[in-house]
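Remarks on the structure that follows.
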Amino acid sequence: MQVYMDNNATTMTDPKVVEAMLPFYSERYGNPNSLHKFGTSVHLPLSKAIDQVYTGINAAESDDIVFTSCATEANNWVLQSVWIDKVLNSDKNHMVTTEVEHPSILATCKFLEEQGMKVTYLPVNEQGIVEAHTVRSFITDKTALVSIMWANNETGMIFPIQEIGEICKDKGVLFHTDAVQAVGKIPVDMQAVHVDFLSMSAHKFHGPKGVGALYIKDSQQLTPLFHGGEQMGGRRSGTLNVPGIVGMGKALELATQNIEATMALIRSKRDRLEDALLELLDDVMVVGDRNNRTPNTILISVRGVEGEGMLWDLNNALIGASTGSACASEDLEANTVMLAIGADSELAHTGIRLSLSRFTTDEEVDYVIEAFTAAVKRLRAISSSYAKVGPTPGGEAQACDLLYLHDKCD
Amino acid sequence: MAKDNLLGGSLWDAYSNKVTTLMNNPQHQGEITEEEAAAHGNKLIVADFGAESCGDAVRLYWEINPETDVIENAKFKSFGCGTAIASSDVMTELCMGKTVDEAVKITNIDVEKALRDDPDTPAVPPQKMHCSVMAYDVIKKAAGLYKGVDAESFEEDIIVCECARVSLSTLQEVIRLNDLKTIEEITDYTKAGGFCKSCIKPGGHEEREYYLVDILADTRRQMDEEKLAAAADAGALGDFEHMTLVQQIKAIDAVIDESVRQFLVMDGGNMEVIDIKSSDDNIDVYIRYLGACNGCASSTTGTLYAIESTLKEKLSQKIRVLPI
């Protein structure tokens, strides 16, 4: 058996989505900007996809949802264009974000800091979220933008977007949320929250890769990132990714039409997996209150077992999971989320993320419970953390100071 | 960046088969108890290096024959990734049968080489070379415990890049001899900084005592100071060709004041030194005539010859005088 438990990284494209996309490759391949019938004949399916996306997040008619190539593009667009619109061309110079954002936010912030933007990176509490009152206290007269994720990719923890939105509205500050891990996983209702900009990505909810969108409240000003062919009403140039947009619409419809029931289904499997691991294994810890988590995510710390080693054993068992361990990254840099949670520096090296989907089966959950516990058993047998014979006096190791890694995230 | 780098390579694909095999099934993983060591009449040494909070930790067990100092049995325990476990395993194997003095000579490079499938292909990708360093450090720790000395006493030199084992003195020498100006050049010449990159500048994977950026800056500064000191000596010795530009101007002005200017002034003229340009073959002194010299026929013939030959005689045969 092989089991995919890395659905926060990407998901399987739902075969129903692929089926909806297929006609738009070799049959209905016209460019929607063309005047002839090859082009115009794709307008109807595109309109349908647009409707599906508006419905999926309950956007109003007066709002824009502009399709992009991915959420990274949407995130870059908001941050870079707010810099142009509100900082270069007005008297603001500041934005607020969190330490645990996706790299497409954090790296863009670093880039804007080099251009002269002042950025406040808010810390998270031991639950891994930013509290709304913290956001309020860091907004100043100079603040142009608050950018805070809806749900975290590593922990699944859901941020208080409604409260933060109200604070931003009160203070007259633009509010952007990277909702990549929320849209399609939990209810997202744009008429119930005050959000100016929202980024999303199709491949996180069983849609295709290479397509995302930016929601823009009330069609408000935001200088385009891409200039050219005046597509998307001039907001985002580039020939429309017709199969991608059709696929995204279909995928969001499938993910949201019975979202409460789908969430309950995924949650029951996730909770069973989490409960089993917590019961079968000593010295393990799961990050964050499960009632405030996306229903598919578990971030579990396994004492004495390094994350990459654990992934290795899971991979040998044909299970795909993820770790924030520095050892598993190309550049040996520890994951900022793990460090920002801060309660336990060991978590930076022992955290394993299991993320389920609506396609995860009970058999797969059973298999993962078995393989996970077997891997922990094998690696703990090798682990120095579980050795019985202590070091010769004087042979003890010095504790490690991870502070310098924290400094790097400031 | 080029075609090969468009897709981030998979870390695990770059592991040798030996690394994979030993990670899946380490041969020397385990513990040795005091009782077992005592039963063989041997001394048990247990040394730790690293910690779980650092991301990797290893515990090394040596059973040493006190008569011969030979490590008769060795085991390890490791908290770490695949390469850390495989490195610890091969390090433990390399220790066995050696005396403690022989074992301290094992380096992380020996450990990495022992993990290779073929001699010319690295066993681990560059950023994982770091994992083998801990295997080396724990040997020093164990040997220090056995001999009752500090582990650092086994280190003859200050190691700046632990992955490639490049010492401070080597780096300073290579920078000087090859006139290196960038970190990339240092990595090309010595391999230092080419692996986990911690030693390049502060803020990397681990904190270091010495960083390549500082060593480069300090060595370059020393080289500049030495160059100036040499020039100052040249000035003091009257070695015109090795003087700095300022010293050369002063020396030329001094000669002109002493031997030339008075004759020009007598005829209602004067001159000034504008610039000096040195090449391998010539030192070109650019001058400008003032007053009556300006436009005087002799200024491009006899007078010019007189100025040039005076400077040649007193300062350097390479001098050419060029009026502008």
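These numbers come from a predicted model, not from an experiment. Sequence lines set the chain letters: A, B, ... in the order given, protein chains first and strands last, and positions in each chain run from 1.
Side-chain N/O atoms of B/E184 and B/T187 include no donor and acceptor closer than 3.5 Å. Side-chain contact annotation: A/N153 with A/N8, donor-acceptor N/O pair under 3.5 Å absent.
Between A/W312 and B/Y15, the ring planes are parallel. Angles under 30° get that label, and only those over 60° would be called perpendicular.
Atom NZ of B/K191 is surrounded by 12 or fewer heavy atoms from other residues, nucleotides or ligands within 6.0 Å. The neighbour count for A/Q115 CD, taken as heavy atoms of other residues, nucleotides or ligands under 6.0 Å away, is above 12.
In this structure, B/I186 and B/L171 approach most closely via the heavy-atom pair CG2-CD2, 3.6 Å.
The candidate with the highest count of non-hydrogen atom pairs below 4.5 Å against chain A, out of B/V138, B/I85, B/L145, is B/L145. Per-residue heavy-atom pair counts under 4.5 Å with chain A were compared for B/A57, B/G82, B/G80, B/A47, and the maximum is reached by B/G80.
Distance alone, capped at 3.5 Å, places no donor-acceptor pair between the B/N73 side chain and the B/E63 backbone.
For residues 18-31 of chain B, a heavy-atom distance under 4.5 Å to chain A picks out B/T20, B/M23, B/N24, B/N25, B/P26, B/Q29, B/E31, given by residue number.
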